[in-house]
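In what follows, residues are counted from 1 in the order of the sequence shown.
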Amino acid sequence: MTDTADRAETPGTSGEDDPAPGDDPAPGAVFRASCTECRASFELTAGDLRLAIGGSHRTTFYSFTCPDCGISVRKPAGDRIVELLTDGGVRTMRLHLG
């Protein structure tokens with residue numbers, strides 16, 4: 001998936017990475033993403049991304065390692081991004097608080 005979800009950039013709408021409307025990833029989907037550090041744009045597979053679902057929107061995010069600069073990138077994931085990433089086969093971890 002990608003940061004904008006045209007299966008090459010799902011997560012991001014207003015500058016952050018959100019799925020593009022009408023993009024419904026399928027297994028084996030490719031997602032577009034961008035690095036918050038070096039600003040590079042690239043495509044990632046479901047295996048390159050991780051999704052963490054917490055108890056609130058503040059604790060729900062997806063992450064990946066930038067293939068250009070190597071830093072770990074973490075971005076917020078709203079309901080639509082969660083849906084696109086899970087439908088696209090991204091590994092998901094549920095965070096339990098308590």
Side-chain angles (χ1 to χ4, degrees):
M1 181 161 251
T2 56
D3 285 347
T4 38
D6 68 351
R7 259 204 295 261
E9 190 149 335
T10 286
T13 43
S14 33
E16 92 187 20
D17 299 73
D18 283 322
D23 272 336
D24 291 324
V30 173
F31 303 92
R32 273 184 288 140
S34 61
C35 179
T36 54
E37 183 69 23
C38 72
R39 302 287 187 215
S41 293
F42 37 81
E43 293 185 349
L44 300 171
T45 65
D48 298 324
L49 295 156
R50 299 293 175 272
L51 175 62
I53 300 176
S56 72
H57 289 295
R58 291 184 349 174
T59 57
T60 299
F61 60 91
Y62 66 99
S63 62
F64 57 89
T65 300
C66 175
D68 288 357
C69 71
I71 70 154
S72 179
V73 178
R74 178 175 160 170
K75 296 188 175 189
D79 293 340
R80 179 70 176 141
I81 293 173
V82 169
E83 178 183 352
L84 289 169
L85 293 175
T86 54
D87 288 352
V90 172
R91 281 189 271 176
T92 303
M93 172 177 58
R94 297 212 179 262
L95 304 176
H96 297 282
L97 302 174

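Closest non-hydrogen pair, Val90 versus Thr92, comes out as O-OG1, 3.2 Å. Of all non-hydrogen atoms in Val82 and Thr60, the two that sit nearest each other are CG2-CG2, 3.7 Å. Of all heavy-atom pairs between Thr36 and Arg39, the closest is O-NH1, 3.5 Å. Considering all non-hydrogen atoms of both residues, Ile81 and Ala77 come closest at CG2-CB, 3.9 Å.
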Please table the atom pairs, donor to acceptor, closer than 3.5 Å between any side-chain atom in residues 64-74 and protein atoms at least two apart or in another chain.
none

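Remark: the backbone N or O of Thr45 is paired with a side-chain donor or acceptor of Asp48 at under 3.5 angstrom.
Rounded to the nearest 0.5 angstrom, Arg94 CZ and Leu51 CG are separated by 8.5 Å. Within the model, atoms NE2 of His57 and CG of Asp79 stand 4.5 Å from one another, a figure rounded to the nearest 0.5 Å. Of the inter-residue distances, the one linking Arg91 atom CZ with Thr86 atom OG1 reads 15.0 Å to the nearest 0.5 angstrom.
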